[in-house]
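Positions are given from 1 along the sequence. In what follows, every heavy atom counts, from backbone to side chain, and hydrogens, waters and symmetry copies are set aside.
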Amino acid sequence: YQRRVHGDIQQQFINLEMAQTQETIFDKILDKRIPATVVYEDDQVLAFRDVHPQAPVHVLIIPKNKDGLNGISRAEERHIQILGHLLYSVKIVADKLGLENGYRIVINDGQDGGQSVDHLHIHLLGGCLLYTSPSPRDRQKSRMPSSA
C-alpha cells in the first residue's frame, strides 16, 4: 500500500512538472512562431483575438510568464500581482475596443472547467448582448415535475 501511494504521489508530481514545462500554442504565440492579432501588450501580458470567436469581440489575455500558473487553481500568494494585472488589463483592452456597454470575462480552469490550453488565460467577450444560458442544474430543475 505504502509503495503504491508513494508511486501515485510521485506520478502526480511528474505529471504536474510536465504540464508546467510543456509548450503550448500560447508559448508559440508569445515567441512569435505563430501569428496572432495582438490588440494589447505590455511587459507582463499579451492580449490577442481568439481564432474561434464566440462573440463579435473575443480576446484572450495571457500572462507572458507562466511561473507555474497554468490555471487559476494553481495560484499561490506569489501570483497576486500578475493576477491583479491580468484583471486590470481586461479593463484596458475593453476600453480600447469600445466595450462601453459591457462585456463578460471567463476563466476556464482544468479539464472539467473546459480549459483547452494549459496556460492561464482570460476570455474577454463583448460587442453584443451576451445572454446567460441556464446552468445544467437549472435545466434539470426545469424538467422536474412540480410538487403540487
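Residue D109 comes nearest to I72 through the heavy atom pair OD1-N, 2.7 Å, listed as atom of the first residue, atom of the second, then distance. Closest approach of A55 and C128 over heavy atoms only: CB-SG, 4.4 Å. In terms of heavy atoms, D42 sits closest to S89 at OD2-OG, 4.3 Å. Minimum interatomic distance between L30 and P63 (heavy atoms only, all atoms of both residues): CD1-O, 4.0 Å. Of all heavy-atom pairs spanning E41 and K64, the tightest one is OE2-NZ, 2.8 Å. Closest heavy-atom contact between I105 and L87: CD1-CD2, 3.8 Å.
Not one N or O on the side chain of E76 forms a donor-acceptor pair closer than 3.5 Å with the backbone of R78. Proximity of a side-chain donor or acceptor of N65 to a complementary backbone N or O of D67 within less than 3.5 Å is detected.
Taking hydrophobic clusters as Ile, Leu, Val, Met, Phe, Trp and Tyr residues chained together by side-chain heavy-atom distances below 4.5 Å, L124 shares a cluster with I107. Linking ILVMFWY residues whenever their side-chain heavy atoms come closer than 4.5 Å, directly or via other members, places Y103 and I122 in the same cluster. V59 and V38 are assigned to two separate hydrophobic clusters, defined by single-linkage of ILVMFWY side chains at heavy-atom distances under 4.5 Å. Note on I92 and L60: separate hydrophobic clusters, where clusters join Ile, Leu, Val, Met, Phe, Trp and Tyr whose side-chain heavy atoms are under 4.5 Å apart, directly or indirectly.
Residues D27 and R33 are not paired through a salt bridge, judged by the lack of any N-O separation under 4.0 Å between the basic side chain and the carboxylate.
Connectivity analysis of hydrophobic side chains (ILVMFWY, heavy atoms under 4.5 Å, direct or indirect) links L130 to V106, L125.
Residue pairs satisfying the salt bridge (Lys or Arg N to Asp or Glu O under 4.0 Å) criterion with at least one member in residues 92-101, sequence neighbours excluded, are listed as follows: K91-D95.
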Worksheet item: Stepwise, does the side-chain contact (heavy atoms from CB on, under 4.5 Å) test hold for D31 with E23?
Response: CA-CA 11 Å; D31 292 342; E23 190 174 55; 4.3 Å; yes
Item to complete: Any chance you could lay out the salt bridge (charged side-chain N to carboxylate O under 4.0 Å, His left out) test for R74 and D118, step after step, and finish with the verdict?
Response: CA-CA 11 Å; R74 297 213 178 109; D118 197 31; 3.8 Å; yes
Practice prompt. Could you go through the side-chain contact (heavy atoms from CB on, under 4.5 Å) check for I25 and H119 one step at a time?
Written response: CA-CA 9 Å; I25 190 167; H119 187 130; over 6 Å; no
Practice prompt. Apply side-chain contact (heavy atoms from CB on, under 4.5 Å) to the pair I80 and E77, showing each step before the final yes or no.
Written response: CA-CA 6 Å; I80 289 172; E77 189 172 345; 3.7 Å; yes
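Between the side chains of N108 and H121, no donor-acceptor pair of N or O atoms lies under 3.5 Å.
With respect to L120, the side chain to side chain contact (heavy atoms under 4.5 Å, CB included) criterion is satisfied by exactly one of L83, N70, I62, I61: L83.
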Per-pair distances, 0.1 Å, donor-acceptor, side chain in residues 44-52, under 3.5 Å, sequence neighbours excluded:
from: Q44; atom 1: OE1; to: Q81; atom 2: NE2; distance (Å): 3.3
from: D50; atom 1: OD1; to: H52; atom 2: N; distance (Å): 2.7
from: D50; atom 1: OD2; to: H58; atom 2: NE2; distance (Å): 3.3

